[in-house]
Amino acid sequence: MAPATPAIDVVSITKVYESGQEAGVTALKGVSLQIRDNEFFTLLGPSGCGKTTLLRLIAGFEEPTEGHILLYGDPIEGLPPHRRPVNTVFQSYALFPHMTVAQNIAFGLQMKGVARDEASRRVGEMLDLVRLKGMENRKPGQLSGGQQQRVALARALASGPRVLLLDEPLSALDLKLRKEMQIELKRLQTETGITFIFVTHDQEEALTMSDRLAVMSQGEILQVGDPRSIYERPVRRFVADFIGETNFLTASVGSRDGSAARYDLPGGETLIGPPPPDGAGSGPVTLAFRPEHVSVSAATGAGLSGRIQNIVYFGTDTSYHVQLDSTGTRITARLQNRIGTLPALEIGMPVRVQVAPEAVQVLED
C-alpha cells in the first residue's frame, strides 16, 4: 500500500528577514517536516524559535526564502492566504464586536459567496460543534473568554478548511479555562477530522493535546515524536530541559555489558544506564532522568550519597531536593503523596538517591 500523502510537507524551508544594509535575520534554517492527515500536530518551543514563522509560511502570510511547502501534494508557494484551503485562529480572537455570534461565524461564508440557506445551515452545525447553541444572538462582549474562543474556532471551521492553524490561541485564558479548552480543542479535531497545527510555548498544552509534536530551537527542529517519546526519550539536552523538569549529570563512560553501561561520576560513584548513542566520542556524556523516576531513602544501601537541602509539598506530590556528596549537583526526586508511603525524611538528613537504569537517558549534547 502506498504511503498516505502528508497534509503538510515542508521541504528544506529557510526564511531570512532582510534588515536594510545589515545581514538578515534567519528565522528558519533548512527545516523539513511532514504533518499527517487528520493529525493534531504541535510546534513547540520558546519565543523566537521560528514556530510562528513556520505557521505563517503555511498560512501564506509570509513566503519562504528557500524551499517548498506542499499541501496534500500540491505546492502552495505564491498562493495568497484566501486561496489556500487553510484557516488560522490567532492569539487575539479578532471577533467583530458589532456582530452577533451567528453573524461572526457566517462572515467568512458570506465572503466566499455561500448561499444564505447553506450558510445558515453551516452556522447551526458550528454552534452545535462548539456547544454554543442558544447564544447565536449574543454579541462578543456578552461572552466569556472561553466562549469567544469557541466563536473564533467556529468561524475558522465553518468554511471547511483542510488544515486549521492555531497560533497560541489559549494564552489569554486563565489556567482553569485553558485546561478546559485543551480538551475541547482535541475533541473538535477528532470530530471534524481536520488536520490541526497548533503553536505554543507551553509544554503541558503540547503533551495534553498532540498526536505528535516538533520541538524547535533557534530556527531548527530538534526532535519530532509523540508526547510520550518526546518526554521519556529526549535525544538532545535542550529537549529534555524544555519539556518538564529534568535532572542532569555529567559522567564518563565506563564498562559496557550488552544493553547496559556503567557511567562514572566525578568523585568515584557510578550510575547504570543504557549504552551511549552511536557515534558518541570518548569524552564526557550527559545523563538525564526525570524527578518522578528518582527514589530517596535513608543513607544506607545502594545509590548516590547526598543530603536533603529542601522539601516542597505540592499537594499531589512532594519534591525532595538533594545535593550529591560526590559532585555537589542538586537532584530532585518527586514522590506521590500516597498515605503511608512517603519516607520519613527531613532537611539536612543524609540520604541515598536511586535511579533505575531504564529511567536514564544518555543525551547527544
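Just so it is clear, the structure is predicted and the values come from calculations on it, not from any experiment. Note that these values count all heavy atoms, side chains included, but never hydrogens, waters or copies made by symmetry.
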* May I have the step-by-step check of side chain to side chain contact (heavy atoms under 4.5 Å, CB included) for L165 and F196, ending in yes or no? => CA-CA 6 Å; L165 309 176; F196 278 27; over 6 Å; no
* Give the C-alpha distance, both sets of side-chain angles, the deciding distance and a yes or no for side chain to side chain donor-acceptor pair (under 3.5 Å) between T195 and E39. => CA-CA 5 Å; T195 299; E39 181 173 44; over 6 Å; no
* To do: Quick one: closest heavy-atom pair of T327 and P266, and the distance?
  => CG2-O, 3.3 Å
* For residues Q354 and S295, is any side-chain donor paired with an opposing acceptor at under 3.5 Å? -> yes
* Asked: Would you say E220's side chain and S217's backbone share a donor-acceptor pair under 3.5 angstrom?
  -> no
* Report the C-alpha distance between S159 and N87 in whole Å, list the side-chain angles of each, state the deciding distance to 0.1 Å, and finish with yes or no for side chain to side chain donor-acceptor pair (under 3.5 Å). => CA-CA 9 Å; S159 60; N87 265 347; 3.0 Å; yes
* So, are E66 and K15 salt-bridged, with charged N and O less than 4.0 Å apart? -> no
* To do: Starting from the C-alpha separation in whole Å, work towards a yes-or-no answer on side chain to side chain contact (heavy atoms under 4.5 Å, CB included) for N137 and V101.
  => CA-CA 6 Å; N137 294 320; V101 166; over 6 Å; no
* Hey, does the side chain of R212 reach the backbone of D226 with a donor-acceptor pair shorter than 3.5 angstrom? -> no
* Asked: Can any side-chain N or O of Q142 pair as donor or acceptor with the backbone N or O of K139 at less than 3.5 Å?
  -> yes
* **Candidate list V16, L57, V10, test side-chain contact (heavy atoms from CB on, under 4.5 Å), partner L28, passing option** => L57
* To do: Indicate the atoms forming the closest heavy-atom contact of Q103 with H98, along with that distance.
  => OE1-O, 4.4 Å
* Structure fact -> When every non-hydrogen atom of T5 is compared with those of G73, the smallest separation belongs to CG2-N, 3.6 Å
* Taking side chain as C-beta onward, heavy atoms only, is V285 less than 4.5 Å from L363? -> no
* Output yes when a side-chain donor or acceptor of S144 lies under 3.5 Å from a complementary backbone atom of Q147, and no otherwise. => yes
* **Same cluster (ILVMFWY, side-chain, under 4.5 Å), L70 and V86** => no
* Asked: Is Y320 close to L345 at the side-chain level, that is, under 4.5 Å between some pair of heavy atoms?
  -> yes
* Asked: Are E292 and R334 within salt-bridge range, i.e. N to O under 4.0 Å?
  -> yes
* Asked: Does R84 use its side chain to pair, donor to acceptor, with the backbone of I76 at less than 3.5 Å?
  -> yes
* From T100 OG1 over to E136 CD, what is the distance, rounded to the nearest 0.5 angstrom? -> 8.5 Å
* Begin from the C-alpha positions of V322 and T332 and carry the test side chain to side chain contact (heavy atoms under 4.5 Å, CB included) through to its verdict. => CA-CA 6 Å; V322 179; T332 299; over 6 Å; no
* **Any side-chain donor near an acceptor of the partner, Y72 and D37, under 3.5 Å** => yes
* Asked: Quick one: does Q361's side chain have a donor or acceptor within less than 3.5 Å of a partner on A288's backbone?
  -> no
* Say whether, by atom type as modelled, one donor and one acceptor occur between the side chain of Q203 and the main chain of F242 under 3.5 angstrom. => yes
* **Where A206 and L44 come nearest, the two heavy atoms and their spacing** => CB-CD2, 3.9 Å
* Does any N or O in the side chain of D317 come within less than 3.5 Å of the main-chain N or O of L335, such that one atom is a donor and the other an acceptor? -> no
* May I have the step-by-step check of side chain to side chain contact (heavy atoms under 4.5 Å, CB included) for F61 and T88, ending in yes or no? => CA-CA 10 Å; F61 301 131; T88 307; 3.9 Å; yes
* To the nearest 0.5 Å, how far apart are CD1 in I197 and CG in L54? -> 7.5 Å
* **Joint cluster assignment, L43 & V163, ILVMFWY side-chain distance < 4.5 Å** => yes
* Hey, any chance V224 and V215 share a hydrophobic cluster, counting ILVMFWY side chains that come within less than 4.5 Å of each other, even indirectly? -> no
* Structure fact -> In this structure, CZ of F289 is separated from CG of N247 (nearest 0.5 Å) by 4.5 Å
* Q149 side chain reached by L170 side chain, heavy atoms, under 4.5 Å -> yes
* Asked: Are the side chain of R150 and the backbone N or O of L127 linked by a donor-acceptor pair below 3.5 Å?
  -> no
* Would you check if L132 and M135 make a side-chain contact, meaning some heavy-atom pair closer than 4.5 Å? => yes
* Hey, what do you get for CZ (R121) to CE (M126), rounding to the nearest 0.5 Å? -> 8.5 Å
* **Heavy atoms from other residues, nucleotides or ligands near NZ of K133 exceed 12 (cutoff 6.0 Å)** => yes
* Hey, any chance V31 and L55 share a hydrophobic cluster, counting ILVMFWY side chains that come within less than 4.5 Å of each other, even indirectly? -> yes
* Is the number of heavy atoms from other residues, nucleotides or ligands under 6.0 Å of I183 CD1 greater than 12? -> no
* Would you mind reporting whether L185 and L153 have side-chain heavy atoms less than 4.5 Å apart? => yes
* To do: Would you confirm whether T190, through its side chain, and K186, through its main-chain N or O, come within 3.5 Å as a donor-acceptor pair?
  => yes
* Asked: Is the shortest heavy-atom distance from the side chain of P227 to the side chain of L213 under 4.5 Å?
  -> yes
* Asked: Would you say the side chain of I347 lies within less than 4.5 Å of the side chain of Q309, judging by non-hydrogen atoms?
  -> no
* Asked: Which pair of heavy atoms, one from A261 and one from P275, lies closest together, and at what distance?
  -> CB-CA, 4.0 Å
* To do: Please indicate whether E346 has more than 12 foreign heavy atoms, meaning atoms of other residues, nucleotides or ligands, lying under 6.0 Å from its CD.
  => no
* **Axial cation check for Y231 ring with R290, 6.0 Å and 45° limits** => yes
* For the pair K179 and D174, find out whether any cationic side-chain nitrogen is under 4.0 Å from an anionic carboxylate oxygen. => no
* Within a reach of under 6.0 Å around CD of Q218, are more than 12 heavy atoms found that belong to other residues, nucleotides or ligands? -> no
* Any luck finding a side-chain donor-acceptor pair between R352 and S297 under 3.5 Å? -> no
* Regarding N337 and T318, is there a side-chain donor-to-acceptor distance under 3.5 Å anywhere? -> yes
* To do: Using only heavy-atom distances, determine whether the side chains of S120 and D117 contain a donor-acceptor pair under 3.5 Å.
  => no
* Asked: So, E269 and S305: side-chain donor and acceptor under 3.5 Å apart, yes or no?
  -> yes
* Asked: Are any non-hydrogen side-chain atoms of L157 and L164 less than 4.5 angstrom apart?
  -> yes
* To the nearest 0.5 angstrom, please state how far the CE atom of M349 sits from the CD1 atom of I311. => 8.0 Å
* Structure fact -> Between E168 and T200 the two heavy atoms that sit nearest each other are CG-CA, 4.0 Å
* To do: With R36 as the cation and F41 as the aromatic partner, state whether NZ or CZ is under 6.0 Å from the six-membered ring centre and within 45° of the axis.
  => no
* To do: Nearest 0.5 Å please: distance from the CD1 atom of I230 over to the CG atom of L207.
  => 9.0 Å
* Asked: I58 and L79: same hydrophobic cluster, using ILVMFWY side-chain contacts below 4.5 Å?
  -> yes
